[in-house]
> 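Submitted below is the structure of interest, expressed as structure tokens.
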Amino acid sequence: MTAYRRLKGRDFSRNIIEFGECVWYKLATGKRRGKIDARWGPGVFLGVREESGEIYLGTSDGIVKARSFRRKGSLEERWNPSEILG
């Protein structure tokens with residue numbers, strides 16, 4: 001059994017990615033946005049909040065929480081040093 005299953009009594013069912021991987025996350029809809037504005041933004045995966053299932057991401061604006069994310073296409077995009085360090 002995994003540590004999560006021993007603790008919660010069920011398997012962890014959320015898709016998970018590696019720490020530091022570059023992803024796309026869905027921007028918050030609370031702000032007014034035009035139809036042409038982007039819905040997804042780039043970020044670096046930092047972890048998952050167990051209570052709510054939200055993910056923490058590092059962005060150029062700081063650390064943000066998001067519910068939806070998508071992996072980037074190729075390995076070069078997922079592990080881009082300039083995005084991870086910048």
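Because only heavy atoms are used, hydrogens play no part in the values below, and waters and symmetry mates are left out as well, while side chains stay in. The first residue in the sequence is number 1, and the count goes up from there.
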> Taking it one step at a time, do Arg49 and Glu54 satisfy salt bridge (charged side-chain N to carboxylate O under 4.0 Å, His left out)?
CA-CA 5 Å; Arg49 183 175 183 200; Glu54 293 173 315; 3.7 Å; yes

> Look up atom CG in Leu57 and atom CD1 in Ile63, then write down how far apart they are to the nearest 0.5 Å.
9.5 Å

> Tell me whether Ile84 is reachable from Leu75 by hopping between hydrophobic residues (I, L, V, M, F, W, Y) whose side-chain heavy atoms are closer than 4.5 Å.
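The answer is yes; both residues are in one hydrophobic cluster.
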
> Roughly how far apart are Ile55 CD1 and Ile17 CD1, rounded to 0.5 Å?
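Here the rounded value is 6.0 Å.
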
> Hey, are the side chains of Lys72 and Glu83 touching, using non-hydrogen atoms and a 4.5 Å cut-off?
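Sidechains of Glu83 and Lys72: in contact.
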
> So, using ring-ring contact (aromatic ring centres under 6.0 Å, His included) as the criterion, who are the partners of Tyr56 when residues are at least two apart?
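Once residues adjacent in sequence are excluded, Tyr56 has no partner under the ring-ring contact (aromatic ring centres under 6.0 Å, His included) criterion.
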
> Using 0.5 Å steps for rounding, measure from the CZ atom of Phe19 to the CG atom of Leu46.
5.5 Å

> How close do Arg10 and Tyr4 get, heavy atom to heavy atom, and via which atoms?
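Shortest heavy-atom contact: O-CD2, 3.4 Å.
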
> Considering residues at least two apart in sequence or located in another chain, which fulfil the side-chain hydrogen bond (donor to acceptor under 3.5 Å, both in side chains) criterion with Glu18?
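Result, side-chain hydrogen bond (donor to acceptor under 3.5 Å, both in side chains) vs Glu18: none returned.
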
> Are Asp61 and Thr59 close enough, and set up right, to give a side-chain hydrogen bond (donor to acceptor under 3.5 Å, both in side chains), and what steps lead you there?
CA-CA 5 Å; Asp61 298 331; Thr59 66; 4.8 Å; no

> Quick check: do Val44 and Glu21 have side-chain heavy atoms less than 4.5 Å from each other?
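The answer is no, as the side chains (C-beta and beyond) never meet within the 4.5 Å cut-off.
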
> Taking the side chain as everything from C-beta on, heavy atoms only, tell me whether Val64 gets closer than 4.5 Å to Tyr25.
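Sidechains of Tyr25 and Val64: in contact.
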
> Report yes if some heavy atom in the side chain of Glu77 is under 4.5 Å from a heavy atom in the side chain of Cys22; otherwise report no.
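A side-chain contact under 4.5 Å is absent here.
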
> Could you go step by step and tell me if Lys26 and Phe69 meet the side chain to side chain contact (heavy atoms under 4.5 Å, CB included) rule?
CA-CA 6 Å; Lys26 193 162 189 181; Phe69 69 91; over 6 Å; no

> Indicate yes or no for a side-chain donor-acceptor contact from Arg39 to the backbone of Leu27 under 3.5 Å, with no hydrogens or angles considered.
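No; zero donor-acceptor contacts below 3.5 Å.
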
> Would you verify whether the NZ or CZ of Arg71 falls within 45 degrees of the ring axis of Trp24 while also being under 6.0 Å from that six-membered ring's centre?
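Here Arg71 fails the 6.0 Å and 45° test against Trp24.
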
